[in-house]
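For reference, the structure discussed in these notes is given below.
Quick note on labels: first sequence line is chain A, next is B, and so on, each numbered from 1. All heavy atoms count here, side chains included; hydrogens, waters and symmetry mates do not.
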Amino acid sequence: MTSVTVRIAGANGDGIESSGALLMKVAAKSGLHVFGYRGYQSIIRGGHVWYQVRIGDAALNTHGDTADVLIALNQDAIANQKSRLSNNAIVIYDPTKVKPDGLQNNKLIAIPLLDTAIKISGDPIMRNVIAIGAVLKLLGIDISVFDKVIEGMFSRKGGSVVADNIKAASMGYSFGGLSTAYSLKSDGISRYVLDGNTALALGSYSGDCKFYAAYPMTPASGILHWFAAHENKGVLYKQTEDEIAAVNMTIGAASAGVRAMCGTSGGGFSLMVEGLGLAGMLEVPIVIVESQRTGPSTGLPTKTEQADLLFVMHASQGEFPRIVVAPRSVEESFYIAKEAFNLAERYQCPVLILMDLLLSEHAESVNNFNLDFAGIDRGKISETPAEGRFKRYLLTDDGISPRSIPGTAGREFIAGSDEHDEYGDLLSDAFAGLDSSLEMRRKMHSKRMRKIETMLKSEPLFVPQIEHDDAKHFLVTFGSSTGAVREAAEILKQKGLDFGLISFNYLMPLDSERTKALLSGKSLIDVECNYTAQLVHVIKATTGIDIERRILRYDGEAITSSEIAEKALFMLNSHKA
Amino acid sequence: MQDAKSVPRQYTYTSGVKPIWCPACGDFGVNAAILKAMNELKIERHNMVMVSGIGCSSAMPHPFSTYGIHGLHGRILPIATGVKLANDKLTVIATGGDGDGYGIGVGHLVHASRRNIDLTYIVMDNETYGLTTGQTSPTAMLGRKTKSTPFGNIENPVNPMALALSTGATYVARGFSGDPVHLSELIKNGIQHKGFSIIDVFSPCVTFNTVNTYDWFRQRVYKLESEGHDYTDIGKAMSKALEDVVSDYAKLPIGLFYKTDRQTYDSMDIALKNGPLVKQPAHTEADMLSLLEENR
């Protein structure tokens, strides 16, 4: 497999993100694989931002590490990115704006980007397109694919936009002295390019989600942007006054029979916690997305972390069944979002999808999605009139009671957030503490909690996945770190070390027997993006197995395959010594 | 009274569950007024959802045989909004107290008002936290002594009518549970009004509020309609909303303060152009394929 990592760096407002997105679209349409990630800050203009695009001729697990090609749009880009370049990296820069200080050992390509851009259209942003043209030449990508992508994006805009872009790219592509430097083999497949938030939104759409409520918060806002833009396609997006309103509206909509979801980051989820418990108590099927960023409080709003795992697993007072799942890739975000609604409705409980900034905001190419529209399971719903009053919370063996949708005659009920009996009538008021009430509390609480056993019995999902199960050592991880960890296992294998991968996506409930069987007796190294090794806590609580060797990162950047490999190697060597 | 047996099931509105309220609680009057309004409007009980929060008055849905959600403290309006957005054919009535709606949940009142979502919100205002045994509330008058203000309340009360008017509610009324027939008319008209209706109700707490009693209210309330109040004039409505303070609580107007027609959120949301969300057809593979193409 050959892959090239390209980094476009400059200031906010320079069009860095759209340039990265454009490069990815062209490469993915050219029969290549892409993986892109953006580095940015909480500032609208200025700051130092970069977009890293890795392009390869086989499936990619990460956005790569050091840059093989740097497009430096300002002097800061040289200063900040100098230490993050591969040996012999190629640097494209504008000699009228940027001095390539300290890059004597690199291959330097000086293109008068700004002057050329102004000559073409008068718009300085066109300099990015010229640079992309040059990169396409370096990568050996056919420039005609760029033209098609631009036509698809801008033909509706009219005027000279399409022609200007094509001209700009072509000037970069044919810039004197440039030649193709990498050998990437196209397989001719035109791929989708999308980030985790978009994949999650599309997955929920294919799961017939029709309602999304949110208060804007990075890095979950991409989901609301998708829903807001598609309100004419059979979904309703409600921007709310706060996350408390978001979760409660979602509960209202789900109670009225619509598949409903809300999403936020950790701070907003903190406000949703009481509502989460309400969904548990009323047994309303809702899906909540929590996309993590770094740290408590405001933290690092534009950086990633995996430190909310224990929080989402344990948030709320009291006990109730919930499902927690952390997708491991963009593609998996689609399938998990879709399945989340089946699980929520089948078990009438909240499902929490744990994303993070890395997964929400990085883009990947995906060959295709399997669209199984027959797979909608709405669970137990009663549609015929009941004899007498409807027992919404009927005590059942599997813990699941048939629910009814308002509008259905003869199945009316009042859902009570207080502990209640089978009708939904409250135990708390006149009867709390009396014998009949004590018994009903025990029965009703057990009924709800029994759903966990039912889930574990009925669903094959609640165990980690193992890759190379005959390996000598295993890296263990969950969610978005899985890509980097898989790549690290590959690196270690190339170094002659026999490494496999154990990765968790479904984290709650966990099948303790099967998880224990999978982990016991193995040489394990835990990898995750937090300080306290939260996955190890979960594993220990579920199986009794502790993992003492841990590779943890918590500075806000995604963990890289090379650092994992390096640290794992060190751990094995020190173990021998 | 109609013979119970002859009432068709969909119009039998009582569940048989006994309310938790103290004898003579103001909320009984509100319960009677809601029931009377439902009987007159002939709302099918399966097409009605009563949403409440937490507090004595939030027990309101339980004696009814409609659909209902007895949710969290202060979150009545978001839940009711979610229900209405999912199915705008349902009649959604939100019921709660002053602590719920003007204290912990007051932010939601502001936004439900400005959205003009088609809900009817009935607030049983007793100037007291009753279920927690008698602390001060957001509408308690200055100086009032309660368990939590033994030296007298030093916070200015919220003015619910002025708040609703200033944030865009399109039906703003106040009733008195000592006059359930009058209150019932306000509720009935509120349900029929297309838009956000708020009906604040003086609903005395007979256990913990020994100041604002039935007698205290009877001596002070008067009906706006008896004075020929022009409820289409928001300026006049605002001055009536402030009359309690201006008159040092000598005059407490009840009745319809303000009513106007403005497009509702649910009628304007593009997602609801093809009918109630819950009735819209499931997403199809063809939809999905075209949405996926946006990412190529």
Side chain to side chain donor-acceptor pair (under 3.5 Å) filter on A/S18, not counting sequence neighbours, yields none

Segment of B/T284 engaging chain A (4.5 angstrom heavy-atom cut-off): backbone

Decide yes or no on side chain to side chain contact (heavy atoms under 4.5 Å, CB included) for A/L278 and B/R75, but give the supporting numbers first. CA-CA 11 Å; A/L278 178 67; B/R75 314 306 164 201; over 6 Å; no

Which atom of B/Y265 lies closest to which atom of A/Y237, heavy atoms considered: OH-O, 4.2 Å

Expected contact set for residues 195-208 of chain A against chain B at heavy-atom separation under 4.5 Å reads A/T198, A/L202, A/Y205, A/S206, A/D208

A/V258 and B/A86: which non-hydrogen atoms are nearest, and at how many Å? CG2-CB, 3.7 Å

Euclidean distance, B/H108 NE2 relative to A/E241 CD, rounded to 0.5 Å: 5.5 Å

Heavy atom to heavy atom, less than 4.5 Å: which residues from residues 109-122 of chain B reach chain A? B/H111, B/R115

Which atoms of B/I76 come close to chain A, meaning under 4.5 Å heavy atom to heavy atom: side chain ones, backbone ones, both, or neither? neither

Proximity breakdown for B/Q10 and chain A, heavy-atom pairs closer than 4.5 Å: neither

Taking heavy atoms only and a threshold strictly under 4.5 Å, list by residue number the residues of residues 267-276 of chain B that touch chain A; give 'none' if the list is empty. B/D269, B/I270, B/A271, B/L272

Of the listed residues (A/K210, A/H420, A/R259), which shares the most heavy-atom pairs with chain B below a 4.5 Å separation? A/K210

Max heavy-atom pairs within cutoff under 4.5 Å with chain A, candidates B/P61, B/A80, B/G107, goes to B/P61

